[in-house]
Amino acid sequence: MSRKKLIVGNWKMHGGYKQCRASVPLLSAAICQDVDLVLCPPAPFLGEVAALASGTELAYGAQDVSAYPNGARTGEWSAEMLIDLGCRYAIVGHSERRQYHQETDSIVATKAQACVNAGITPIVCIGETGVERTTGVTEEVLARQLAALLIQPGWRRAVIAYEPVWAIGTGLAATPDLAQQAHAFIRQELAKVDPNAASLLPILYGGSIKPESAADLFAMADIDGGLIGGASLEVDSLLAIYQAA
Ligand code: PGA
């Protein structure tokens with residue numbers, strides 16, 4: 001089954017206009033047919049990225065989105081608003097959202113469905129903590145996080161990002177074998193509900209991907225690309241990771 005590779009740069013709460021202007025033209029110029037590239041800057045800069053990426057193949061998206069289409073929800077933005085800006089993607093359920101904003105599996109799944117309803121592809125993050133891995137409950141945790149998502153019919157239009165929490169921002173990426181094992185487990189859980197959708201759905205790896213580690217990770221059968229945090233802040237390293245895919 002061939003799935004198109006996808007690289008997503010997540011700037012988190014970093015960057016600004018200057019960085020958008022320096023990065024977007026270089027990223028847009030590097031895009032080839034075989035691998036998709038998505039940039040997720042902080043929300044205040046999505047308009048700038050939209051303007052700079054206009055007419056190019058560079059896709060962009062938000063790092064979070066509301067579960068609701070509109071209403072009295074100060075500080076939030078909806079998937080419909082992202083469509084208005086030309087976004088095609090939104091990250092949902094990043095471990096930092098789960099940890100610092102108390103987002104539950106069910107909130108994350110509702111956000112993913114809200115994205116699909118509006119025509120945005122949700123990039124749904126799941127992953128175990130270090131303690132969960134060492135106590136041997138990784139698969140249990142992944143299965144629980146997925147179960148909430150699989151209730152929503154829109155999961156078939158999602159991208160999943162496996163991001164072990166212990167690997168995020170630590171410099172300690174999962175080995176290709178360990179990541180592949182988790183990705184295969186995730187695909188198997190999806191296949192229990194819909195084997196065809198499971199075989200088509202991109203599963204990205206995220207957590208301390210660097211240009212040096214990228215190619216070996218992307219060579220694994222069930223790893224369809226990456227969600228890149230720290231290394232996406234340097235345009236050269238994001239491009240090197242993109243080339244590796
Ligand atoms: P990292 O972040 O590449 O800096 O580990 C990945 C992520 O949190 O999406």
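Whatever order the structure lists ligands and atoms in, that order sets their numbers, starting from 1.
- A donor and an acceptor atom, one from each side chain of His94 and Gln63, are nowhere located under 3.5 Å apart.
- Defined by atom type and a distance below 3.5 Å, a donor-acceptor pair is present between the side-chain atoms of Glu128 and Trp166.
- For atom 3 (O) of ligand 1, the nearest protein heavy atom (residue, atom name, distance) is Gly229 N, 2.9 Å.
- Which parts of ligand 1 touch Gly207 is read off a 4.0 Å heavy-atom cut-off, strictly below it: atoms 5 (O).
- Not a single heavy atom of Ala231 sits under 4.0 Å from any atom of ligand 1.
- Looking from atom 4 (O) of ligand 1 to the surrounding protein, the closest heavy atom is Gly230 N, 2.8 Å.
- In this pair, Tyr17 and Phe45 present their aromatic rings perpendicular. The plane angle is above 60°, beyond the 30 to 60° band.
- In this structure, atom 7 (C) of ligand 1 lies nearest to the protein heavy atom Glu163 OE2, 3.2 Å.
- Checked by atom type, the side-chain pair Gln113/Asn117 shows a donor-acceptor distance below 3.5 Å.
- Ring orientation note: the planes of Tyr205 and His183 are tilted relative to one another, at an angle of 30° to 60°.
- Ranked by closest heavy atom to atom 5 (O) of ligand 1, the top entry among Gly169, Pro164, Cys125 is Gly169.
- Side-chain contact check for Tyr60 versus Val24: every heavy-atom pair is 4.5 Å or farther apart.
- Looking at Leu233 and Gln19, their side chains come closer than 4.5 Å, going by heavy atoms from C-beta outward.
- Near His94, with a cut-off below 4.0 Å to any heavy atom, the atoms of ligand 1 are 7 (C), 8 (O), 9 (O).
- Counting the atoms of ligand 1 from 1 in the order shown, those under 4.0 Å from a heavy atom of Lys12 are 2 (O), 7 (C), 8 (O).
- Near Ala167, the atoms of ligand 1 lying under 4.0 angstrom from a non-hydrogen atom of the residue are 5 (O).
- Contacts with ligand 1 closer than 4.0 Å are made by side-chain heavy atoms of Asn10 only, the backbone lying farther away.
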